[in-house]
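Here is the structure we will look at, set down as structure tokens.
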Amino acid sequence: MSTEIRGPVRVRFAPSPTGFLHVGGARTAIYNDLLRQSAGGAFILRIEDTDRERSDEAMTRQIQSALAWIGTVWDEGPFLQSERLARHRERAEELLAAGKAYRCFCTQEELEAQRAEAQTQGKAFRYPRTCLCRPQDEAQTLLAAGKPFVVRLRMPGDNIRFHDIVRGAMDFPPDALDDFILLRSDGTPTYHMSVVVDDIDMRVTHVIRGEDHLSNTPKHIPLFRALGGEVPAFAHLPLILGPDKKRLSKRYGATSVEEFRNEGILPQALYNFLALLGWNPGDEREVMSRDEMIAAFSVDRLNDSPAVFDREKLWWMNGQYMARLSVEELWPHLEPFIDQAGLKNADRERLLAVLELYRTRTRTLKEMAEAVFPFFQDELVYDSAAVAKYLKDADLPADLEAL
RNA sequence: GUCCCCAUCGUCUAGAGGCCUAGGACUCCGCCCUUUCAAGGCGGCAACGCGGGUUCGAAUCCCGCUGGGGAUACCA
């Protein structure tokens, strides 16, 4: 099914500031960027920092700088979800007043026991609607007594169907869903409540996010409807895997944008590489500028199967960019590595000439700066303590000495 | 456990019933270019997970199996 998107779209990227921007998040941002740029409209950046314990303001800044560095452009935001809590709560209370949501006085211990019970019976746990069935006066008594409660959405009994742009027709039977929590017992909104209210208020038309949210979608759709909001179109992207075919993790090296930057990867190369991990232009082009990708972008060329992150190919891609860019063009990105290599004060003209020699011979900016280092040793002032520490066993192996 | 998703070379992928002797890219291996090493050019190795259907014909459609992943929270 062709789902070419033309009109102005309103997309959003909504990371939670619980760590550095990882490549999976970066790729999601890139597809949002590509859709926004190709179709027109707006890209909204929203920071989902409602989990205050895990959120950190420094992380929020990191994420913004990483997004800007790889070259995504947002039109609105960043909006902090934590600043909209009152609004989320207000909308939940509307649902409560309208009878579309209800108070639940069940304790976590009770629910835990029921969950364990369902587990042993081999069934999926669903909240049994104990409090929905509770007589009105009994609920009033509990409320008056100050018993803590959560607010749950009253789910409709019909199947939830939607068309996912990358996965096609989705159909979730009602017994797979339960009356999930909108407001916690301390009155704060849950993630589900916050996202849906924000997506409505920000008039989001297309939600492009990771596959891990696919099973949240049948929860969100009834909530959109209960709140009287327009249900956006959804596109759930497959995950990025590590070499072990499991979710990409730290144990195989860098996973954050920041780390690749520090390894000397160019932002254009990372953008290009990540865009191609789950999308292709339909012809055999691979090294493509953002503008070329924008021109070629179409959501129906988004892949639906997970991709293994291949570091080797990123390095190749980066080498391609280095080979195509002049040393002058590379310089802004290269300079930090030159400084780091201790060549800050090296003769500029000679430095550029030597760098040119290594432009097609190295694959990262870091390698380039390090390769050039030996040419400037004469100009260096050695730190005597460092010499004592690192250069004391300078004897070469016999076979090397023979050379 | 239950629900959901996915399945083409080692990896990224093209492929929407005949264009497929399955195409491209990374990696690896040759050769050419070159004083050297790269870059570049040319060539090679390498895949439709398995079993049933449907069809004149299936990598492409259906079912099952297997494998992998995700979700099952008063996390996001």
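Every chain is numbered from 1 and lettered A, B, ... according to where its sequence line falls, protein lines coming before strand lines. In this text the structure is predicted, and so the values were computed from the model without any measurement.
Seen from the ring of A:F180, A:K219 counts as a face-on cation partner, given the 6.0 Å and 45° thresholds. Geometrically, A:R115 engages A:F125 in a cation-pi contact, judged by NZ or CZ lying under 6.0 Å from the ring centre and within 45° of the ring axis.
When distances run from any side-chain atom of A:E48 to the nucleotides B:A7, B:A71, B:A76, the shortest one goes to B:A76. Candidate nucleotides B:G1, B:C6, B:G23 were compared by shortest atom distance to the side chain of A:D304, and B:C6 ranks first. Taking the side chain of A:A124 as heavy atoms from C-beta on, and the options B:U2, B:C37, B:A71, the nearest nucleotide is B:U2. Proximity note for A:K313 (side chain, C-beta onward) versus B:C5, B:A25, B:A76: the nearest is B:A25. Comparing B:A14, B:C26, B:G1 by their closest approach to the side chain of A:N280 singles out B:A14.
Within the 4.0 angstrom heavy-atom criterion, base atoms lie near A:S185. Note on A:V308: only backbone sugar-phosphate atoms sit closer than 4.0 angstrom, heavy atoms only; bases stay farther off. Residue-level contact check: A:H213 touches the bases, meaning some heavy atom is under 4.0 Å from a base atom. Among the atoms of the strands shown, none is found under 4.0 Å from any heavy atom of A:E367.
In this structure, A:N303 places its CG atom 14 Å from C1' of B:C5, rounding to the nearest Å.
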